Amino acid sequence: MRRAALSNRIMAVVAGATLLVPATAGAQDIAIRNATIQTITNGVIENGTIVVRDGRIAAIGQNVEIPSGIQVIDGQGMYVMPGLIDAHSHMAIDGGINEGAESVTPEVRIQPNPDDMTIYRALAGGVTSANLLHGSANTIGGQAAIIKMRWGSALDSIWFEGANRIVKFALGENVTRASSNQSDADRRYPKSRMGVEQLLRWWFTEARNYEAEWQAYEQERQRNRNALPPREDLRLQALVDIMNGEIKVHAHSYRADEILMLMRVAEDFGFRINTFQHVLEGYKVADEMAEHGAHASTFAEMWGYKVEANDAIPYNMAIMADRGVVVSVNSDSGERVRRLYQEAAMGMKYGDMSEVDALKMVTLNPAIQLGVDDQVGSLEVGKDADITIFNGHPFAPASRVEKTIVDGKLLFDRDQAMTLEKLIQRAVTTTTEDAS
Amino acid sequence: MRRPILAWALVLAAAGVQPAAAQNEVTTPRSYALTNARIVVSPGTVIEQGTIVVREGRITAVGANAQVPAGVIRLDLGGATVYAGLIDAANGAGLPTIAAGGRGGGGGGEAASSGPPAELNPGVNAVDAFTPGGDLLSNYRAAGVTTVGLAFSGGIFPGRVSAVSTRDGMASAVVLRSPVAQQVAFGRKRGGYPSTLMGVLAYIEQSFKDARYDARARAAFETSPGSSPLPPYDAEHEALQAAAAGELPVWFAASGAYDIERVIDLAAKLGVEDWAIVGGQEAFKVAQHVRAAGKPMILSLDFPNPDQMTGRSFEAHVAPASGDDTADEQADSAAAKMLRGNAAALASAGVPFALSGMGVSSPAEFRRRLVTIVEEGLSADDALRALTVTPAQVLGLSGALGTIEAGKLANLVVVEGDLFDEDARIAQVFVQGEKYDIPRQPAGGAGRGGRGGDAGGDAVTAAGEWNGSMDMQGQAFGFTLTITGQNDALSATLATEMGATTMRGDMADGRLSLNGLFESQQGQIPISLNAQVTASEMTGTLDIEGMGTVSMTARRGGAAAGRSHAIKDGGNG
């Protein structure tokens, strides 16, 4: 209606672009009817209806009444899923990914950029949450930012409230290479895999001492109110928080031996590795990972890009899942995030995962790894209304995402996106013609 | 740290300042009665016809019927308007630029090579590093500016703010207050930790904790040296103690909307109460947050490149835009209008703010931009408040500056017309009672002429599309360089197959200088481009930190190269 009133094509473009988000982002009440609904946890509902109130799923089933006055999406022919979750991403980060001048920096925390265009692209691929990780240059990198794809939101509303605090560790070639690449003055330890283990043990020993120092102070303070507290150290405190399980570890890893090494180091210091990232040789140590309680987040069929990534097989996901490891498949890329569901499909091709188990690798399982499975990852009453609507089964090669909803807000709508893109295209073309 | 003052004195000497003026005591009468004046006592309070009496550098009487005492020089202003002297609350002109660290504003130049790294030098007071070259002080006065908050640009802890008068004289006579505030910015350390935004945030937090710890530890040692260990001395922590203890305000530099929000967050973490933001160019986008924080903004009139404005990613990436495309220009101009309307938006939101020329090419350009922001909807009273009363408060000088009242320093601007009319002439400026007659400007409006050399405009403009190549160890690498803006304030995008880098800089006498930060996987790499520009081509060098200097040439391009559509790939770690 407003668009029709704007005769000036340029105004239409500018207004269209600025209207896109606000025009669709207001209401948090919405219903989808007549759709095939993949709940992930409670089977598939044919001709089903979902009602969303205040950003959460209020009702779901075949015989659900739609309250009057709320926006209704006709799901005829559509396949409705929980919003996809990317457990490993470096998109939408402001001001640097690797704090690489030192090899142990858990005190830093990834700074998201809610205005980054890759958020919109992720929405176009049905992805509604992501784990924005520090890079892999450091033995112990920084803390992650777990975000919802609230594109263009204020900085403080991009964070996924209630998610785990996560820190990134890294093992193997990237760490040792990052150490070697520095100029002489800045050259850092460690340069070898054995150095990585030693550095981990050294720092966690330091952290233990730090914790003991504070405990001693707390006791001393009972006797002497003027006792001088120890120096507060954000880095050591983060390591203490890791040992106490308050910060969960996601560890960049490739080789079986280093995966075993890290689990042993963690066990020696009384904590667990939450998730091994990449973990291309996880199939060799899946039993040990399951026993330790570690999850895995991997690639479907990408390997061989460096020596430590050579001994990989596409059956990795299925084998680890079969041995009881919670497996997700991730993008690690602002581009692959647009087709994460196709990565999941490969779980069925290689290793005969069930359809729902394959779908879990981009929904419920990454939700578990990020500590948000009570909020997202499946379509259930009470969960956040993070919903992706495909025009067919996501594993069918020609299917694509039509609409993506975050907290009940329609943040990607292919109809509107295409209209807008055409509008802009036309304005540009016309202008070019005018000029020539 | 004595050397800069000496250098300053030499500059003044070279500029032909009479030695007598360099002495502390009064050598000119400095006692005047300004009669037949329209007096803007404070924003919204006007005496239509009155007299101001100035004695020994101070205002001694103001009013419609103020008595003119004997022995003062009577100046009939013929109905000209007198305003309180303008205050540029934060400006880095005359201070060393902090090379690598800058986020938004500044950039370029090399910091002093000895002593602590410039980006981590919290103990230095700006006035001790101030060397006002050439006509800087007279250019300030020509724009009506009588007080400047000297503030560094870039770095992490670049130093402390000093407030100075723009009268000629020794540092000892012109410093009004120093230190005024401790500066904190989200720059980077050159070589070493912290090298990223997230690292800088953690580093600042840790440093404030350390400053407090060191203070406690030292107090404990001094109280009971027998039982307390001798704490190690750390100059950086020592210098931050006043700010950490709440004895010195903190000025955070932040331009973009998200950095402003980060400052609000960080200030709470640091436990500092008395703080302000310098820059604030996108504060209008987070005006409610800023208002809720309840702290003043020191708004820079260095308007950012509209193409880079937060919230423009959709238009910038979906629209297959090219440099000269009309739709793109329309969108750019809408964004530019919002950025120019920042001050007006904050005034409506009820956020107190002072105005700053930080990053603006010259005082003359600062004055032109005052006219601009009033055109964009800021009321003249609010603009005047942001140039007088509020900056006097943020500099801690409201007892001495900001209004035309008896007892205050005689900092006055005499304008033939309205201050915010570009064609109105600033005729005289009084700084601490020193009278300066402002020479008539050559044709071209009030603001013109401030920069000497290129004020009349270079025949050659840098703006446009350039296609070039750089020589990397014998191999040619192509690039496109898109430059927009006027020669004295240029924005540019350097696009190579590695990605695009936003740069800023200027051109004078055909000499182009641009600086930017290339976002690589390893972090930000400072790049600077220096070239001699003619109508059709440029030749020069590119300095890429860590890679050295390479030669480059470029020709003005015809077809637009378009924006980079590169999709960032995090890599498989």
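These figures come from a predicted structure and were not determined experimentally. Numbered from 1 within each chain, the chains take letters A, B, ... in sequence-line order.
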> Which atoms of B/Asp210 come close to chain A, meaning under 4.5 Å heavy atom to heavy atom: side chain ones, backbone ones, both, or neither?
Replying inline: side chain
> For residues A/Asp115 and B/Thr310, is any side-chain donor paired with an opposing acceptor at under 3.5 Å?
Replying inline: no
>> At a 4.5 Å cut-off on heavy atoms, which part of A/Pro230 comes close to chain B: side chain, backbone, both, or neither?
In response: backbone
>> Let's test your reading of the structure: which of A/Asp156, A/Thr105, A/Asn226 forms the most heavy-atom pairs below 4.5 Å with chain B?
In response: A/Asp156
> Contact part of A/Ser253 toward chain B, heavy-atom cut-off under 4.5 Å: side chain, backbone, both or neither?
Replying inline: neither
> B/Arg190 side chain to B/Glu119 main-chain N or O, any donor-acceptor pair under 3.5 Å?
Replying inline: no
> Do you know which of A/Pro229, A/Ala170, A/Gly142, A/Pro114 has the most heavy-atom pairs with chain B at a distance under 4.5 angstrom?
Replying inline: A/Pro114
> What heavy-atom pair brings A/Glu308 and A/Gly172 nearest, and what distance separates the two atoms?
Replying inline: OE1-CA, 3.6 Å
>> Quick one, B/Ile260 and B/His289 - any side-chain contact, counting heavy atoms below 4.5 Å?
In response: no
> Which bit of A/Ala137 is near chain B, if near means a heavy-atom gap under 4.5 Å: side chain, backbone, both or neither?
Replying inline: neither
> Which bit of B/Ala219 is near chain A, if near means a heavy-atom gap under 4.5 Å: side chain, backbone, both or neither?
Replying inline: neither
> What part of A/Asn330 gets closer than 4.5 Å to chain B, counting heavy atoms only: side chain, backbone, both or neither?
Replying inline: neither
> Do you know which of A/Gln143, A/Glu107, A/Arg109, A/Arg231 has the most heavy-atom pairs under 4.5 Å to chain B?
Replying inline: A/Arg231
>> With no hydrogens and no angle check, just 3.5 Å: does a side-chain donor-acceptor pair link A/His88 and A/Asn131?
In response: no
> Are any side-chain N or O atoms of A/Arg338 and backbone N or O atoms of A/Glu335, one a donor and one an acceptor, separated by less than 3.5 Å?
Replying inline: yes
>> Does any backbone or side-chain atom of A/Leu228 lie under 4.5 Å from a heavy atom of chain B? Answer side chain, backbone, both or neither.
In response: side chain
> In terms of the angle between their ring planes, are A/His252 and A/His278 parallel, tilted or perpendicular, with boundaries placed at 30° and 60°?
Replying inline: perpendicular
